[in-house]
Amino acid sequence: MGKDKKRKSEGGEEEGGDSKEAWNSKIEHLNAISKPLAPRKLSKRLYKAIKKAAKQKQLRKGVREVQKFVRKGEKGVIVLAGDVSPVDVICHMPLLCEEGGIPYCYTPSKDDLGAACGSKRPTCMVMIKPHDDYRELYDECAGEVKDLPLPI
């Protein structure tokens with residue numbers, strides 16, 4: 001039982017990226033297209049919003065599911081993992097988001113993104129849909145993601 005508690009606490013520290021060293025080591029493995037990258041504090045808030053969205057069943061996760069609902073015109077904030085390999089898996093999504101007027105950003109780790117969803121599997125991308133239970137957090141995150149500078 002003691003080992004399980006230790007594992008949970010270690011996972012919680014990794015998921016939020018509490019230390020700057022952990023954040024810097026994750027940034028080393030980013031793809032060339034991982035722009036705009038969410039800063040450390042925004043990434044933490046996005047992970048928190050993802051957890052709340054998962055509880056309310058307001059989360060789309062995975063490349064195929066997110067892509068399907070973006071093409072259908074569903075609105076939300078898209079969070080992509082910056083360490084996806086091969087990059088061809090997600091390289092078309094920024095263009096789809098820009099055409100649809102959907103805010104998007106990258107976070108450093110697909111492992112952290114999957115953990116925030118409540119899954120043990122890494123996730124390449126998620127769409128956070130708006131909901132009344134976490135509206136304030138969603139609006140704050142969406143506003144900051146929109147303000148991030150897009151690559152030229």
Side-chain angles (χ1 to χ4, degrees), residues 5 7-63 65-67 69-70 73-85 87 89-91 93-152:
K5 287 183 182 179
R7 285 184 189 150
K8 285 182 184 177
S9 67
E10 287 175 336
E13 288 175 11
E14 288 177 13
E15 178 185 316
D18 289 340
S19 69
K20 287 185 180 181
E21 295 84 24
W23 177 260
N24 291 335
S25 68
K26 290 175 186 176
I27 288 180
E28 291 174 4
H29 302 289
L30 292 178
N31 291 323
I33 67 162
S34 300
K35 294 176 182 74
L37 180 67
R40 196 170 121 213
K41 287 184 180 181
L42 178 56
S43 292
K44 283 184 178 183
R45 274 187 254 131
L46 286 168
Y47 293 147
K48 190 174 183 179
I50 289 169
K51 284 181 184 180
K52 291 187 178 200
K55 283 184 182 177
Q56 298 298 325
K57 308 272 193 242
Q58 297 297 309
L59 191 68
R60 306 284 187 204
K61 57 185 174 183
V63 177
E65 188 176 357
V66 171
Q67 179 178 321
F69 286 102
V70 166
E74 196 168 280
K75 296 296 178 185
V77 175
I78 295 184
V79 183
L80 300 118
D83 62 348
V84 176
S85 178
V87 74
V89 173
I90 61 168
C91 65
M93 284 307 295
L95 182 63
L96 284 177
C97 293
E98 288 174 15
E99 287 176 354
I102 299 171
Y104 71 95
C105 71
Y106 288 85
T107 57
S109 172
K110 61 185 176 183
D111 295 322
D112 291 347
L113 204 56
C117 294
S119 172
K120 292 181 181 177
R121 291 192 60 106
T123 303
C124 291
M125 71 177 74
V126 297
M127 175 190 272
I128 308 168
K129 295 171 34 179
H131 193 267
D132 292 335
D133 286 351
Y134 54 90
R135 174 69 65 183
E136 189 175 312
L137 179 62
Y138 174 84
D139 291 339
E140 184 181 312
C141 289
E144 286 191 47
V145 168
K146 286 178 186 175
D147 292 342
L148 290 173
L150 291 175
I152 298 173

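Atoms considered below: every heavy atom in the structure, side chains included; atoms not considered: hydrogens, waters and symmetry mates. This is a predicted model, so every value here is computed, not measured.
Atom NZ of Lys55 sits in a sparse spot, with 12 or fewer heavy atoms from other residues, nucleotides or ligands closer than 6.0 Å.
Between Val66 and Ile78 the shortest side-chain heavy-atom distance falls below 4.5 Å.
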Tell me, with the steps shown, if Tyr47 and Leu113 meet side chain to side chain contact (heavy atoms under 4.5 Å, CB included). CA-CA 7 Å; Tyr47 293 147; Leu113 204 56; 4.0 Å; yes
Between Leu37 and Leu30, does the side chain to side chain contact (heavy atoms under 4.5 Å, CB included) criterion hold? Intermediate values first, please. CA-CA 10 Å; Leu37 180 67; Leu30 292 178; 3.6 Å; yes
Between Val70 and Met93, does a side chain to side chain contact (heavy atoms under 4.5 Å, CB included) hold up when you go through it step by step? CA-CA 9 Å; Val70 166; Met93 284 307 295; 4.1 Å; yes
Determine, stepwise, if the pair Leu148 / Leu42 fulfils side chain to side chain contact (heavy atoms under 4.5 Å, CB included). CA-CA 11 Å; Leu148 290 173; Leu42 178 56; 4.0 Å; yes
Please tabulate, one pair per line, all N/O donor-acceptor pairs under 3.5 Å involving side-chain atoms of residues 123-141, not counting sequence neighbours.
from, atom 1, to, atom 2, distance (Å)
His131, ND1, Asp133, N, 3.2
Asp133, OD2, Gln56, NE2, 3.0
Tyr134, OH, Lys129, O, 2.4
Glu140, OE2, Arg45, NH1, 3.3

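The salt bridge (charged side-chain N to carboxylate O under 4.0 Å, His left out) check on Glu98 picks up nothing, with sequence neighbours excluded. In this structure, Glu28 has no side chain to side chain contact (heavy atoms under 4.5 Å, CB included) partners at least two apart in sequence or on a different chain. Qualifying side chain to side chain contact (heavy atoms under 4.5 Å, CB included) partners for Ser119, counting only residues two or more places apart in sequence or in other chains: Lys61, Arg121. Scored by the side-chain hydrogen bond (donor to acceptor under 3.5 Å, both in side chains) test, Gln58 finds no partners at all (sequence neighbours excluded).
Taking each heavy atom of Gly76 and Ile102 in turn, the nearest pair found is O-CG2, 3.2 Å.
Remark: the backbone N or O of Ser85 is not paired with any side-chain donor or acceptor of Asn31 at under 3.5 angstrom.
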